[in-house]
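Just so it is clear, the values below take in all heavy atoms, side chains as well, and ignore hydrogens, waters and symmetry mates. The chain is numbered in sequence order, starting from 1. Owing to the predicted nature of the structure, the values given are computational and were not obtained by experimental measurement.
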Amino acid sequence: MTSKSINRIRRVLCAFLGLSAAATASSAAQPAYDFYICANINRNYVIGSRIETVNGLYQLNEAGEWQHFGVNDTTLSAFAFSPDDRDVIFTSALNGIWVSWDGGESWRQTNSWDMTEGRDVAVDPHAPEMVYLALPSGIAVSTDRGHTWERRENGLPERGKYTQTIEVDRTTKGRVLAGCEKGVFLSEDAGAVWRRVLPTATTVNDLEQSPHDPQHWLAVTDTHGAWSSRDGGETWTAVDGLPIKSAIYNVTFDPTHAERLAIASWTDGIWTSEDGGATWTNRDAGLPENPRVYRVGVDPNRGRLYASVFQETLFYSDDFGRTWQADPLAGSLVLSFVSVPRAQP
């Protein structure tokens, strides 16, 4: 091989490596998740006011701004995307459930008249046609992507089947946990039969499965404290170090850090743990005085902790609650946080 040929190969190789490095850098800069909230933003609004408010679903865009999409409805409480088609969206609402099959361009209410006041909705990642709706009157299940619904409440108590939250175990098809007025109920056959795995004296407000360990679940309640399960929700242990006589509204795991957890309390503000829940610390410093915190959530792209403070705004922290900054959503109340893995090119 001549020296001229060798130099030509070197130039081609350098150009290839340069392009590869640039492509890698560009890919690394892209967020791995899309991050959404369901919120009411009603600053200065009173009944009869001419102020136009925008409520419902928002996505955090590349510029760091919350961009509204879908129906403008103050009663939306939670939402979920179909795991195999991002254009299919389910929202629990006062009327029951609104479903969009075109990415939020149009919506259709699909529940019957006796399935109203939707509290939460979840989709089975192993069976996207299976959708679960939490209701004050129990649990409804769809087997056809939200087109039709049926009651599945065998095993729930006749009195006290109010269901505030519902989550599908991402490891097993048809395995579902529901947070009800009388405790946590588990179904292993897509809601056909439920059994109580955690009895409580008050409503279970939130249930979350760890993104790091699918056997680890947390449940939080109105006046019965927080509970942890390390065996997929079969048995539960009370969490020490947290307020137990006031409402805990939700709990979140940090997807970027296996040991970090946070809870939101209406009376006791925000508490975080950085040792997997062994110890907890109040993180209200920097928030408005006596913050009534309705929801916490974590952006999985950078581990940013968010807190929705009632009648204030959405706050965020990049050091897991040690310091806080106000997000420009004055007058907002965030009702749920959802993150979805972004399809990579």
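Under a 3.5 Å cut-off, the side chain of Ser265 and the backbone N or O of Ala247 do form a donor-acceptor pair. No donor-acceptor pair closer than 3.5 Å links the side chain of Trp271 to the backbone N or O of Pro243. A side-chain donor-acceptor contact under 3.5 Å links Thr110 to the backbone of Gly146. In terms of modelled atom types and a separation under 3.5 Å, the side chain of Thr313 and the main chain of Leu329 share a donor-acceptor contact. Judged purely by atom type and a 3.5 angstrom limit, Asp34 has no side-chain atom pairing as donor or acceptor with the backbone of Gln59. With Asp319 contributing its side chain and Thr323 its backbone, the two residues share a donor-acceptor pair below 3.5 Å. In this structure, the side chain of Asp284 does not engage the main chain of Pro291 through any donor-acceptor pair within 3.5 Å. Formation of a donor-acceptor pair under 3.5 Å by the Ser142 side chain with backbone atoms of Thr148 is found in this model. Between the side chain of Asp206 and the main chain of Val251, a donor-acceptor pair closer than 3.5 Å is present. Judged purely by atom type and a 3.5 angstrom limit, Thr75 uses its side chain to pair as donor or acceptor with the backbone of Leu94.
Residues Asp222 and Asn205 bring a donor and an acceptor atom of their side chains to less than 3.5 Å of each other. Defined by atom type and a distance below 3.5 Å, a donor-acceptor pair is missing between the side-chain atoms of Asn250 and Thr252. A donor-acceptor contact under 3.5 angstrom links the side chains of Ser92 and Ser77, judged on distance only. Judged purely by distance below 3.5 Å, without hydrogens or angles, the side chains of Thr165 and Asp120 pair a donor atom with an acceptor atom. Under 3.5 Å, the side chains of Asp275 and Ser273 contain a donor-acceptor pair of N or O atoms. Between the side chains of Asp327 and Trp66, at least one donor N or O lies within less than 3.5 Å of an accepting N or O.
With a 4.5 Å cut-off on side-chain heavy atoms, Ser336 and Phe79 count as touching. In this structure, Val298 and Pro255 have side chains that are in contact, with non-hydrogen atoms separated by less than 4.5 Å. Taking 4.5 Å as the limit, every side-chain heavy atom of Glu167 sits out of range of all side-chain heavy atoms of Gln209. Counting heavy atoms from C-beta outward, Thr202 and His224 have side chains that approach closer than 4.5 Å. Put simply, the side chain of Ser308 does not reach to within 4.5 Å of the side chain of Val293, judged on heavy atoms. Using a 4.5 Å heavy-atom threshold, the side chains of Val296 and Phe337 count as separate. Two residues are said to be in side-chain contact when any heavy atoms from C-beta on lie closer than 4.5 Å; Phe315 and Val309 meet this criterion. The closest side-chain heavy-atom distance from Glu62 to Pro31 is below 4.5 Å.
Classified by interplanar angle (parallel below 30°, tilted 30° to 60°, perpendicular above 60°), the ring pair Phe69/Phe81 is parallel. Ring orientation note: the planes of Phe253 and His216 are nearly perpendicular, at an angle over 60° on the 30°/60° scale. Using bins of under 30°, 30° to 60° and over 60° for the plane-to-plane angle, the ring pair Phe310/Trp266 lands in the tilted bin.
The two atoms that bring Gly303 and Arg260 nearest to each other are O-NH2, 3.8 Å, heavy atoms only. Here the closest heavy-atom approach between residue Ala307 and residue Ile270 is recorded as CB-CD1, 3.1 Å. The shortest heavy-atom contact between Thr272 and Leu305 is CG2-CD2, 4.2 Å. Nearest heavy-atom pair across Gly155 and Phe185 is O-CE2, 3.7 Å. Of all non-hydrogen atoms in Val168 and Pro125, the two that sit nearest each other are CG1-CD, 3.8 Å. Here the closest non-hydrogen pair linking Ser137 and Asp114 is OG-O, 4.1 Å.
Taking CG of Leu218 as the start and OG of Ser210 as the end, the distance is 8.0 Å to the nearest 0.5 Å. Note that CH2 of Trp107 is 5.0 Å distant from OG of Ser100, once rounded to the nearest 0.5 Å. Between Thr163 atom OG1 and Trp194 atom CH2 the span is 7.5 Å, to the nearest 0.5 Å. Separation of atoms OH (Tyr306) and OH (Tyr316) is listed at 7.5 Å; rounding is to 0.5 Å. Note that CH2 of Trp98 and CG of Leu57 are 13.0 Å apart. Values are rounded to the nearest 0.5 Å. Taking CG from Leu76 and OG1 from Thr91, the interatomic distance works out to 5.0 Å, rounded to the nearest 0.5 Å.
Comment: Glu274 engages Arg322 in a salt bridge, judged by a side-chain N to carboxylate O separation of less than 4.0 angstrom. Using a 4.0 Å cut-off between a side-chain N of Lys or Arg and a carboxylate O of Asp or Glu, Glu181 and Lys161 do not qualify as a salt bridge. Ionic pairing of Glu188 and Lys173 is not present here: no N-O contact between side-chain nitrogen and carboxylate oxygen is shorter than 4.0 angstrom. By the 4.0 Å N-to-carboxylate-O rule, Asp84 lies close enough to Arg145 to be salt-bridged with it. We find that Arg175 and Asp124 are not joined by a salt bridge, their nearest charged nitrogen and carboxylate oxygen being 4.0 Å or further apart. The pair Arg292-Glu312 does not count as a salt bridge, with every side-chain nitrogen at least 4.0 angstrom from each carboxylate oxygen.
For the side chain to side chain contact (heavy atoms under 4.5 Å, CB included) with Arg151, the lone residue among Leu156, Ile139, Val141, Leu135 that qualifies is Leu135. When each of Asp318, Asp254, Thr256 is paired with Arg304, the side chain to side chain donor-acceptor pair (under 3.5 Å) condition holds for Asp318 and for no other.
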Give the C-alpha distance, both sets of side-chain angles, the deciding distance and a yes or no for side-chain contact (heavy atoms from CB on, under 4.5 Å) between Trp217 and Trp227.
-> CA-CA 8 Å; Trp217 286 76; Trp227 295 77; over 6 Å; no
Evaluate the side-chain contact (heavy atoms from CB on, under 4.5 Å) criterion for residues Tyr294 and Val334: first the C-alpha distance (whole Å), next the side-chain angles of each, then the deciding distance (0.1 Å), finally the verdict.
-> CA-CA 7 Å; Tyr294 189 65; Val334 175; over 6 Å; no
Starting from the C-alpha separation in whole Å, work towards a yes-or-no answer on side-chain contact (heavy atoms from CB on, under 4.5 Å) for Leu186 and Arg195.
-> CA-CA 5 Å; Leu186 169 65; Arg195 59 186 170 92; 3.4 Å; yes
Should Asp169 and Val176 be marked as a side-chain contact (heavy atoms from CB on, under 4.5 Å) after you check the CA-CA gap, both sets of side-chain angles, and the distance that decides it?
-> CA-CA 6 Å; Asp169 183 340; Val176 189; over 6 Å; no
Tell me, with the steps shown, if Glu150 and Arg152 meet salt bridge (charged side-chain N to carboxylate O under 4.0 Å, His left out).
-> CA-CA 6 Å; Glu150 62 185 70; Arg152 292 194 178 182; 2.8 Å; yes
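Other residues, nucleotides and ligands contribute at most 12 non-hydrogen atoms within 6.0 Å of the CD atom of Gln67. Within 6.0 Å of the CG atom in Asp213, the count of heavy atoms belonging to other residues, nucleotides or ligands exceeds 12.
In the hydrophobic clustering of ILVMFWY residues, with side-chain heavy atoms under 4.5 Å counting as a link, Ile244 and Tyr249 come out apart. Transitive grouping of hydrophobic side chains (ILVMFWY, heavy atoms separated by less than 4.5 Å) keeps Val99 and Ile89 in distinct clusters.
In this structure, Arg342 forms no cation-pi arrangement with Tyr33, as its terminal cationic atom is not both closer than 6.0 Å to the ring centre and no more than 45° off the ring axis.
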